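Reviewing the structure listed below.
Just so we're clear, the structure is a prediction, and the values are computed from it rather than from any experiment. Convention: sequence-line order gives letters A, B, ...; per-chain numbering from 1. Values reported hereafter were calculated over all heavy atoms of this structure, with side chains retained and with hydrogens, waters and symmetry mates removed.
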There are 2 protein chains.
Amino acid sequence: MRLTTKGRYAVTAMLDLALHAGKGPISLADISERQGISLSYLEQLFAKLRRNELVRSVRGPGGGYQLSRDQVHINVAEVIDAVNESVDATGCHGSGDCQSGQTCLTHHLWCDLSEQIHAFLSSITLLDLVQRKDVQQVAKRQDRRYVDQLIMSTGEKTPADRKAAV
Amino acid sequence: MRLTTKGRYAVTAMLDLALHAGKGPISLADISERQGISLSYLEQLFAKLRRNELVRSVRGPGGGYQLSRDQVHINVAEVIDAVNESVDATGCHGSGDCQSGQTCLTHHLWCDLSEQIHAFLSSITLLDLVQRKDVQQVAKRQDRRYVDQLIMSTGEKTPADRKAAV
DNA sequence: TATTTAACCTACTAAAACAGTCGGCTAATA
DNA sequence: TATTAGCCGACTGTTTTAGTAGGTTAAATA
């Protein structure tokens, strides 16, 4: 079992999509900018998310990604699963042939743990996350920063420009 | 976060000690035999377990390892911790500086998950495991096998020899 | 129609961790 | 004195992580 940046990035990116849903497709460049994740790495992760039908893509200018289902129907466990980070804690993938064909001494313990983690993560949907106070605060901060960056790069200065940029 | 054979081996070996407690020190060779774990690898793990004062060692012939505390006062979480397999699921070790000094979008989610896992694993003591039916069954099988191996290697054949071997 | 955008795809890589192995040393016992 | 079994450090093949690099393709826009 492992939970590294791969799974964390995937969930973070999916949550970014959820937070900016209804504004048309979101480009990976935007997510990369907001979440501080390498663009090429995001591409690899989204290839897997797409294959697992968690996101839909739109190509060409103005294109990007959208959630393929309602936020309430996507949970954290399946996102982590999609990028090949198993939540399974057993060494035998649950089959029970851990010690030369038979179950090892601690097999059931790891089964219980896996179940526990899976139950917890699959009970949390993207909608749950979007509605959390702490998530909304971080999202607000990131969006402000994102707009500021945009203005810096375009060199526009008036409040009207700022509005236009958003 | 990761949970691989390292942590699983550590818990399994500690449980083996717990199951054979009261029979004097248990050698790593015995644990290696019963649990199918490489002896040299066990040595490395027990060095860490010893440094974390989870086991006591006795050197010389007839030596081995014993639990340093009562089975009810050793839980699974601290065993895994001792071999450097953190149960922490955050990328920032809980500090909250995941995204260039500030918290990332999913920081609190991983905190919650870590807490969840830690609560689960630290609630399970070695005594709990020893008392489980499934553990007792596997232990019984392993002990039978262990004795059979012993007889095979010594070439003794009568029931009396078998009793003597145990 | 040419250009730009942004998805899509393959291959490569440095660094780390995993799961060991090997060889030798030291303390205690028989 | 020989044996047992813990102790210790160094080394190794393999896998995974967390990227990078360099290209191709589809769609929109100028």
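Taking atom CZ of R8(A) as the reference point, atom C1' of dG19(D) lies 15 Å away to the nearest angstrom. What separates NZ of K48(B) from P of dC7(D) is a distance of 15 Å, to the nearest Å. Taking atom CE of M1(B) as the reference point, atom P of dA17(C) lies 16 Å away to the nearest angstrom. In this structure, R51(A) atom CZ and dA7(C) atom P are separated by 16 Å, rounded to whole Å. If you take CD1 of I80(B) and P of dC18(C), they are 13 Å apart, rounded to a whole angstrom. Per the geometry, CG belonging to N84(B) stands 10 Å off P belonging to dA17(C), to the nearest Å. Distance CG (L42(B)) to P (dT21(C)): 11 Å, rounded to an integer number of Å. Separating the CG atom of D30(B) from the P atom of dT4(D) is a distance of 13 Å, rounded to the nearest angstrom.
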Salt bridge (Lys or Arg N to Asp or Glu O under 4.0 Å), that's the test. Do R132(A) and D112(B) meet it? Break it down for me. CA-CA 13 Å; R132(A) 282 176 69 147; D112(B) 289 356; 3.2 Å; yes
Report the C-alpha separation of N75(B) and T125(B) in whole Å, then their side-chain angles, then the decisive distance to 0.1 Å, and conclude whether the side chain to side chain donor-acceptor pair (under 3.5 Å) test is met. CA-CA 4 Å; N75(B) 66 61; T125(B) 69; over 6 Å; no
Can you check salt bridge (Lys or Arg N to Asp or Glu O under 4.0 Å) on E78(B) and R69(B), steps first, answer last? CA-CA 13 Å; E78(B) 48 186 339; R69(B) 287 180 246 145; 3.6 Å; yes
side-chain contact (heavy atoms from CB on, under 4.5 Å) evaluation trace for V130(B) with V135(B): CA-CA 6 Å; V130(B) 165; V135(B) 169; 5.8 Å; no
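Checking the phosphate oxygens (OP1, OP2) of dA17(C), no side-chain nitrogen or oxygen of R2(B) falls inside 4.0 Å. Phosphate contact (OP1/OP2 of dC7(D), side-chain N/O of S57(B), threshold under 4.0 Å): present. Taking 4.0 angstrom as the limit, S27(A) places none of its side-chain polar atoms (N or O) nearer than this to OP1 or OP2 of dT5(C). A close approach under 4.0 Å does not occur between any side-chain nitrogen or oxygen of Y9(B) and OP1 or OP2 of dC18(C). Look at T4(A) and you'll find a side-chain N or O under 4.0 angstrom from OP1 or OP2 of dA18(D). Here R50(B) reaches the OP1 or OP2 of dC7(D): one of its side-chain N or O atoms lies under 4.0 Å away.
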Could you list the protein-to-nucleotides 20-23 of chain D atom pairs, N/O on both sides, closer than 3.5 Å?
from, atom 1, to, atom 2, distance (Å)
dT20(D), OP2, S38(A), OG, 3.1
dT20(D), O4, Q44(A), NE2, 2.8

Using a cutoff of under 3.5 Å, can you pull out all pairs of nitrogen or oxygen atoms linking the protein to nucleotides 25-29 of chain D, with atom names and distances?
from, atom 1, to, atom 2, distance (Å)
dT25(D), O2, R59(A), NH2, 2.4
dA26(D), O4', R59(A), NE, 3.4

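Residue Y65(B) is classed as a sugar-phosphate contact, given heavy-atom separations below 4.0 Å to backbone atoms only.
Here the side chain of E33(B) pairs no donor or acceptor atom with the backbone of Y146(B) at under 3.5 angstrom. Between the side chain of S27(A) and the main chain of D30(A), a donor-acceptor pair closer than 3.5 Å is present. Between the side chain of H20(A) and the main chain of D16(A), a donor-acceptor pair closer than 3.5 Å is present. A donor-acceptor pair under 3.5 Å is absent between the side-chain atoms of Q66(B) and the main chain of L17(B), judged by distance alone.
D70(A) is linked by a side-chain hydrogen bond (donor to acceptor under 3.5 Å, both in side chains) to nothing, counting only residues two or more places apart in sequence or in another chain.
Side chains of L54(B) and I74(B) form a contact here, defined as non-hydrogen atoms less than 4.5 Å apart.
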